[in-house]
**Student:** 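Before I ask anything, let me first share the structure, which is written out below as structure tokens.
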2 protein chains.
Amino acid sequence: MARAATTSDAFNAIAEPQRRDILALLRSGERPVTDLAQELGMSQPGASKHLRVLREVGLVRVRGAGKQRLYGLDARGLRPIHEWVGGFEQFWNESFDRLDTYVQDLKQTRQEE
Amino acid sequence: MARAATTSDAFNAIAEPQRRDILALLRSGERPVTDLAQELGMSQPGASKHLRVLREVGLVRVRGAGKQRLYGLDARGLRPIHEWVGGFEQFWNESFDRLDTYVQDLKQTRQEE
DNA sequence: TTGACGTATTCCGATATGGGCATACGATGG
DNA sequence: CCATCGTATGCCCATATCGGAATACGTCAA
């Protein structure tokens with residue numbers, strides 16, 4: 001098996017930097033593909049493909065506006081992610097303390113890699 | 001180019017469900033690989049590989065404890081993610097409203113796919 | 001209808017993935 | 001020093017990825 005299809009969930013969708021850029025851009029409003037592509041310095045087909053992924057996981061919506069298709073943000077799918085990550089909030093402070101223990105340990109453990 | 005190396009950043013690291021499970025488990029304290037593997041129903045080599053990725057992006061630390069190696073959480077790397085996603089917080093409420101507009105539009109736009 | 005524009009899809013290649021299996025490695029205890 | 005336990009690596013496979021180029025598609029205007 002390879003990695004789960006990127007199209008499978010929001011976690012995968014936002015793992016790709018360009019897709020994060022797209023989402024960020026869409027916060028300022030709907031946009032056609034060409035716009036996004038140009039603004040982000042990617043090819044039109046490239047942008048289209050990323051948007052397809054975002055559409056399939058529901059982070060983005062399309063709306064036909066005449067000859068154009070306007071892409072808009074649907075951030076609801078980000079909420080579960082925010083919550084999952086938030087479940088670690090208490091730990092990223094505590095981590096500093098643990099680090100001390102760890103560092104002391106290093107002195108005699110000699111970590112590889 | 002293929003997908004960016006999963007080992008490149010935390011976003012990629014947590015894109016894989018089993019790795020999320022590992023992180024979640026580690027909240028309750030340090031654990032040796034075998035423990036994790038068994039608890040999560042994966043092979044020892046499998047767990048080792050996932051832990052390697054998590055180590056490389058800094059979400060996990062190792063500490064040699066005699067014959068064993070104890071893996072521990074280092075959640076600091078999750079903070080940037082939390083913040084990035086948090087940047088969309090205002091939108092996942094607003095999204096409902098936008099959806100209305102969208103749905104009305106659908107009636108005459110006939111979206112494919 | 002035909003053309004033009006905006007966009008999606010297809011096909012390709014190079015690369016990376018995750019899982020299974022066998023095995024190499026490292027540290028400890030005898 | 002050697003056997004053993006806990007763990008990491010290497011190798012192989014099937015599959016998925018992203019990017020580029022060419023092209024098919026859909027909608028509108030003349």
Side-chain angles (χ1 to χ4, degrees), chain A residues 1-9 11-22 26 30-57 60-72 105-106 108-113, chain B residues 1-9 11-22 30-57 60-72 105 108-113:
Chain A
M1 286 161 210
R3 177 190 284 186
T6 125
T7 185
S8 51
D9 68 352
F11 277 99
N12 273 294
I14 68 167
E16 154 67 54
Q18 306 214 248
R19 284 195 289 261
R20 289 200 293 276
D21 292 342
I22 291 180
L26 289 181
E30 296 179 320
R31 300 241 200 166
V33 183
T34 319
D35 240 60
L36 293 168
Q38 190 178 7
E39 191 112 17
L40 297 175
M42 43 179 148
S43 70
Q44 176 270 309
S48 254
K49 286 173 192 169
H50 283 309
L51 285 166
R52 187 203 223 298
V53 172
L54 291 172
R55 228 190 314 149
E56 289 180 342
V57 302
V60 138
R61 280 177 272 112
V62 216
R63 183 168 72 91
K67 219 185 287 191
Q68 296 192 153
R69 309 194 70 200
L70 293 180
Y71 280 89
D105 233 84
L106 256 188
Q108 49 183 142
T109 294
R110 212 79 208 138
Q111 191 197 26
E112 65 282 64
E113 212 274 293
Chain B
M1 286 162 207
R3 176 189 285 187
T6 123
T7 183
S8 50
D9 68 353
F11 277 99
N12 273 294
I14 67 167
E16 154 67 56
Q18 306 213 249
R19 284 196 288 262
R20 289 202 293 277
D21 291 344
I22 291 181
E30 297 178 319
R31 300 241 201 167
V33 183
T34 319
D35 240 60
L36 292 169
Q38 189 179 7
E39 191 111 16
L40 298 175
M42 43 181 147
S43 70
Q44 176 270 309
S48 254
K49 286 172 192 170
H50 283 308
L51 284 166
R52 187 203 225 298
V53 173
L54 292 171
R55 227 191 315 150
E56 289 179 342
V57 301
V60 138
R61 281 178 273 113
V62 217
R63 181 168 72 92
K67 220 184 289 191
Q68 295 192 155
R69 309 195 69 199
L70 292 181
Y71 280 89
D105 232 84
Q108 48 184 140
T109 294
R110 210 84 210 134
Q111 189 198 29
E112 66 281 61
E113 208 274 295

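These numbers were taken from a predicted model, which means no experiment stands behind them.
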**Student:** In whole angstrom, give the distance that lies between atom CG of B:Leu54 and atom P of C:dG18.
**Tutor:**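 So the CG-P distance, B:Leu54 to C:dG18, works out to 10 Å.
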**Student:** Round to a whole Å and report the spacing from NZ of A:Lys67 to P of D:dA30.
**Tutor:**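 Taking atom P of D:dA30 as the reference, NZ of A:Lys67 is at 9 Å.
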**Student:** Show every donor-acceptor pair shorter than 3.5 Å between a side-chain atom in residues 38-46 of chain B and any protein atom, with sequence neighbours excluded, or say none if there are none.
**Tutor:**
residue	atom	partner	partner atom	Å
B:Glu39	OE1	B:Arg31	NH1	2.9
B:Ser43	OG	B:Gly46	N	2.9
B:Gln44	NE2	B:Ser48	OG	3.3

**Student:** With respect to the side chain of B:Pro45, which nucleotide from D:dT9, D:dG19, C:dA8 is positioned closest?
**Tutor:**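 For B:Pro45, the side-chain atoms sit closest to D:dT9.
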**Student:** Mapping A:Met42 and B:Pro32 to their closest nucleotides on DNA chain D, which lands nearer the 5' end?
**Tutor:**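 This one resolves to B:Pro32.
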**Student:** At what distance, to the nearest 0.5 angstrom, does CZ of B:Arg63 lie from CD of B:Gln68?
**Tutor:**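 Answer for the CZ-CD pair, B:Arg63 versus B:Gln68, is 10.0 Å.
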**Student:** In whole Å, I'd like the distance from the OH atom of A:Tyr71 to the C1' atom of C:dA8.
**Tutor:** 8 Å
**Student:** Provide, to the nearest angstrom, the distance between the CG atom belonging to B:Asn12 and the P atom belonging to C:dG18.
**Tutor:**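 For the pair B:Asn12 CG and C:dG18 P, the rounded distance is 9 Å.
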**Student:** Measure CZ/B:Arg63 against P/C:dA27 and give the value in whole Å, please.
**Tutor:**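 Rounded to whole Å, this separation is 16 Å.
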**Student:** If the cut-off is 4.0 Å, is A:Arg19 near the phosphate of D:dC18, judged by side-chain N/O to OP1 or OP2?
**Tutor:**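 Yes, A:Arg19 has a side-chain N/O under 4.0 Å of OP1/OP2 on D:dC18.
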**Student:** CD of B:Gln68 versus C1' of C:dG26: gap in Å, rounded?
**Tutor:** 13 Å
**Student:** Does the side chain of A:Leu26 come within less than 4.5 Å of A:Leu36's, by heavy atoms?
**Tutor:**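 Yes, at least one pair of side-chain atoms sits under 4.5 Å.
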**Student:** C:dA8, OP1 or OP2 - any side-chain N/O from A:Arg69 closer than 4.0 Å?
**Tutor:** yes
**Student:** With sequence neighbours excluded, tell me which residues meet salt bridge (Lys or Arg N to Asp or Glu O under 4.0 Å) with A:Asp21.
**Tutor:**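 None.
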**Student:** Rounding to an integer number of Å, can you tell me how far A:His50 NE2 sits from D:dC18 C1'?
**Tutor:**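 A:His50 atom NE2 is separated from D:dC18 atom C1' by 7 Å.
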**Student:** For D:dT9, does OP1 or OP2 lie under 4.0 Å from any side-chain N or O of B:Arg52?
**Tutor:**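 So the side-chain polar atoms of B:Arg52 do come within 4.0 Å of the phosphate oxygens OP1 or OP2 of D:dT9, strictly under.
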**Student:** Could you give the CZ-to-C1' distance, from A:Arg55 to C:dT9, as a whole number of Å?
**Tutor:** 11 Å
**Student:** Atom CD1 of B:Ile14 and atom CG of B:Asp9: how far apart are they, to the nearest 0.5 Å?
**Tutor:**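 Reported value, rounded in 0.5 Å steps: 9.0 Å.
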**Student:** Which part of the nucleic acid, if any, lies within contact of A:Gly66, taking any heavy atom under 4.0 Å across all strands shown: a base, the sugar-phosphate backbone alone, or nothing?
**Tutor:** sugar-phosphate
**Student:** Indicate whether OP1 or OP2 belonging to C:dG20 is found under 4.0 Å from a side-chain N or O atom of B:Gln44.
**Tutor:** no
**Student:** By nearest nucleotide on DNA chain C, pick out whichever of A:Arg31 and B:Lys49 is the more 5' one.
**Tutor:**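 Whichever sits nearer the 5' end wins; that is A:Arg31.
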